Novice: 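Here you go, one structure.
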Amino acid sequence: MKNRIILITGRIGSGKSAVASMLRKRHHCEVSIDEFSKWFLDADCTKNKSAKLFPGEVLHSDGNVNRAFLQENFFKDKFAPQRKKFETFVFNAFRQFLPKYLGTTCEDVPVFVEVHESERVVQLFKTLPNYSRKIVVRANKDLRYERVQQRSGLTVEQIAERDNLQQDCPIEKGDVVIYNETSRSEERRVGKECRS
């Protein structure tokens, strides 16, 4: 794989997807590990791994993954060891998927990979041979929580549970920091004014 890997990382609600969307509009190659994970949940190997890590309710009687159970329980403290194993499992699958995907869609160009911010996840990505640097998206906590509530309907407690699992990654030489402090209502207003 010749492509340079650039992470887009940030805490929940920081605006990673907004940055990724801008890159897509400029025809850059962008991949979301969250989207990959959602797709990968339906693979047989993932169902088997899920059943071993989260025995009992993780699979429906028809063999499909019980996404509601995972959404409710995946971020609970009691499942921390299983969560770490599952994240490593998904990362290793993503590592195998990436060269095949890039070979068919975006050869020899930088690839932006959107991931949630945690030291552990960033360290996993640094093991990729062509890891280059990261773009870190920041926003204040109240604004991040407001964004997540608007788009997902999660409660403040559920958002905090996910947010507490993430840590601010250290900014290293070559990294880029973007401060995204615009609320969704302000984004809509500015967009409307620009079209007038």
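Along the sequence shown, residues carry numbers from 1. For clarity, every value in this text was computed on a predicted model and none was experimentally measured.
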Novice: May I have the step-by-step check of side chain to side chain donor-acceptor pair (under 3.5 Å) for N73 and R83, ending in yes or no?
Specialist: CA-CA 10 Å; N73 293 283; R83 186 172 56 248; over 6 Å; no
Novice: Rounded to the nearest 0.5 Å, how far does NZ of K85 lie from NZ of K52?
Specialist: 11.5 Å
Novice: Taking atom types as modelled, find out whether N180 and R147 have a side-chain donor-acceptor pair closer than 3.5 angstrom.
Specialist: yes
Novice: Compare all side-chain heavy atoms of F112 with those of V31 and state whether any distance is below 4.5 angstrom.
Specialist: no
Novice: Under a 4.0 Å threshold between the charged nitrogen and the carboxylate oxygen, would K16 count as salt-bridged to D34?
Specialist: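 Here D34 does not pair with K16 in a salt bridge, since their nearest N and O are not under 4.0 Å apart.
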Novice: Do W39 and F89 belong to the same hydrophobic cluster, where Ile, Leu, Val, Met, Phe, Trp and Tyr are linked whenever their side-chain heavy atoms lie under 4.5 Å apart, directly or via other members?
Specialist: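 Yes, same cluster.
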Novice: Decide whether L41 and F75 are clustered together by the hydrophobic rule: side chain heavy atoms of Ile, Leu, Val, Met, Phe, Trp, Tyr closer than 4.5 Å, transitively.
Specialist: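 Yes, L41 and F75 fall within the same hydrophobic cluster.
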Novice: Between Y145 and L154, is a side-chain contact (heavy atoms from CB on, under 4.5 Å) present by the stated rule, with each step listed?
Specialist: CA-CA 9 Å; Y145 281 33; L154 292 174; over 6 Å; no
Novice: Provide the closest heavy-atom pair for K76 versus E72 in the form atom of the first, atom of the second, distance.
Specialist: CE-O, 3.2 Å
Novice: Just to verify, what does Q166 make a side-chain hydrogen bond (donor to acceptor under 3.5 Å, both in side chains) with, not counting sequence neighbours?
Specialist: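 Counting only residues at least two positions away or on another chain, Q166 forms no side-chain hydrogen bond (donor to acceptor under 3.5 Å, both in side chains).
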Novice: First locate atom CG of L124, then atom OG1 of T88, and finally report the distance between them rounded to the nearest 0.5 Å.
Specialist: 5.5 Å
Novice: Distance check, rounded to the nearest 0.5 Å: S132 atom OG versus D175 atom CG?
Specialist: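 Going from OG on S132 over to CG on D175, the span is 9.0 Å.
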Novice: Out of curiosity, S14 OG to D163 CG, how far, rounded to the nearest 0.5 Å?
Specialist: 9.5 Å
Novice: Spell out, yes or no, whether L143 and I159 are grouped together once hydrophobic residues are joined by side-chain heavy atoms under 4.5 Å, including indirect joins.
Specialist: no
Novice: Tell me whether T46 contacts the main-chain N or O of D42 through its side chain, where contact means a donor paired with an acceptor under 3.5 Å.
Specialist: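 Flag not set: sc T46 to bb D42 has no pair under 3.5 Å.
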Novice: What pairs meet the side chain to side chain donor-acceptor pair (under 3.5 Å) rule with one or both residues in residues 89-98, with sequence neighbours excluded?
Specialist: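 Found R95-T127.
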Novice: Applying salt bridge (Lys or Arg N to Asp or Glu O under 4.0 Å) to K38 and E35, what does each step give before you reach the verdict?
Specialist: CA-CA 5 Å; K38 288 173 189 171; E35 291 305 312; 3.4 Å; yes
Novice: Return the minimal non-hydrogen interatomic distance between T9 and K134, and the atom names on each side.
Specialist: CG2-CD, 3.8 Å
Novice: Can you confirm whether V65 sits close enough to L59 that some side-chain heavy atom of one is under 4.5 Å from a side-chain heavy atom of the other?
Specialist: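 The answer is yes; the side chains approach within 4.5 Å.
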Novice: Below 4.5 Å, heavy atoms only, C-beta onward: do V121 and E87 meet side chain to side chain?
Specialist: yes
Novice: In this structure, is the centre-to-centre distance between the rings of F86 and F74 below 6.0 Å?
Specialist: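 Ring-ring flag for F74/F86: true, centres closer than 6.0 Å.
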Novice: Are V90 and V58 connected in a single hydrophobic cluster, I mean Ile/Leu/Val/Met/Phe/Trp/Tyr linked by side-chain heavy atoms less than 4.5 Å apart?
Specialist: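 Yes, one cluster joins them.
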Novice: Just to verify, what does A20 make a side-chain contact (heavy atoms from CB on, under 4.5 Å) with, not counting sequence neighbours?
Specialist: I8, R24, E30, E114
Novice: Tell me whether V113 shares a hydrophobic cluster with I6, the cluster being built from Ile, Leu, Val, Met, Phe, Trp, Tyr side chains joined at under 4.5 Å.
Specialist: no
Novice: Check the pair V177 / I171 against side-chain contact (heavy atoms from CB on, under 4.5 Å), numbers first and verdict last.
Specialist: CA-CA 8 Å; V177 182; I171 307 300; 3.7 Å; yes
Novice: Would you mind reporting whether I5 and L98 have side-chain heavy atoms less than 4.5 Å apart?
Specialist: yes
Novice: Please walk me through it: do R4 and V111 pass side-chain contact (heavy atoms from CB on, under 4.5 Å)?
Specialist: CA-CA 6 Å; R4 282 188 302 127; V111 178; over 6 Å; no
Novice: After noting the C-alpha distance and the side-chain angles of K126 and E172, does the key distance pass the salt bridge (Lys or Arg N to Asp or Glu O under 4.0 Å) rule?
Specialist: CA-CA 12 Å; K126 283 185 177 180; E172 299 167 330; 2.8 Å; yes
Novice: For side chain to side chain donor-acceptor pair (under 3.5 Å), just list the numbers for D62 and N64, CA-CA rounded to whole Å, side-chain angles, deciding distance to a tenth of an Å, and then say yes or no.
Specialist: CA-CA 6 Å; D62 63 4; N64 290 320; 3.1 Å; yes
Novice: What residue among R138, R11, Q167 forms side chain to side chain donor-acceptor pair (under 3.5 Å) with E117?
Specialist: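 Option passing the side chain to side chain donor-acceptor pair (under 3.5 Å) with E117: R138.
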Novice: Do I135 and I178 touch side chain to side chain, with heavy atoms closer than 4.5 Å?
Specialist: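 The answer is yes, as the side chains (C-beta and beyond) meet within the 4.5 Å cut-off.
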Novice: For F40 versus C45, what's the shortest heavy-atom pair and its separation?
Specialist: CZ-SG, 3.8 Å
Novice: Is there side-chain contact between D142 and E146, with at least one heavy-atom pair below 4.5 Å?
Specialist: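 Of all side-chain heavy-atom pairs linking E146 with D142, none is under 4.5 Å.
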Novice: With a sphere of 6.0 Å drawn around CZ of F97, does it hold more than 12 non-hydrogen atoms of other residues, nucleotides or ligands?
Specialist: yes
Novice: Any chance you could measure F125, atom CZ, to F94, atom CZ, to the nearest 0.5 Å?
Specialist: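 Going from the CZ atom of F125 to the CZ atom of F94 covers 5.0 Å.
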Novice: About how many Å separate OG of S32 and NE2 of H116, when rounded to the nearest 0.5 Å?
Specialist: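 Reported to 0.5 Å precision, the distance equals 11.0 Å.
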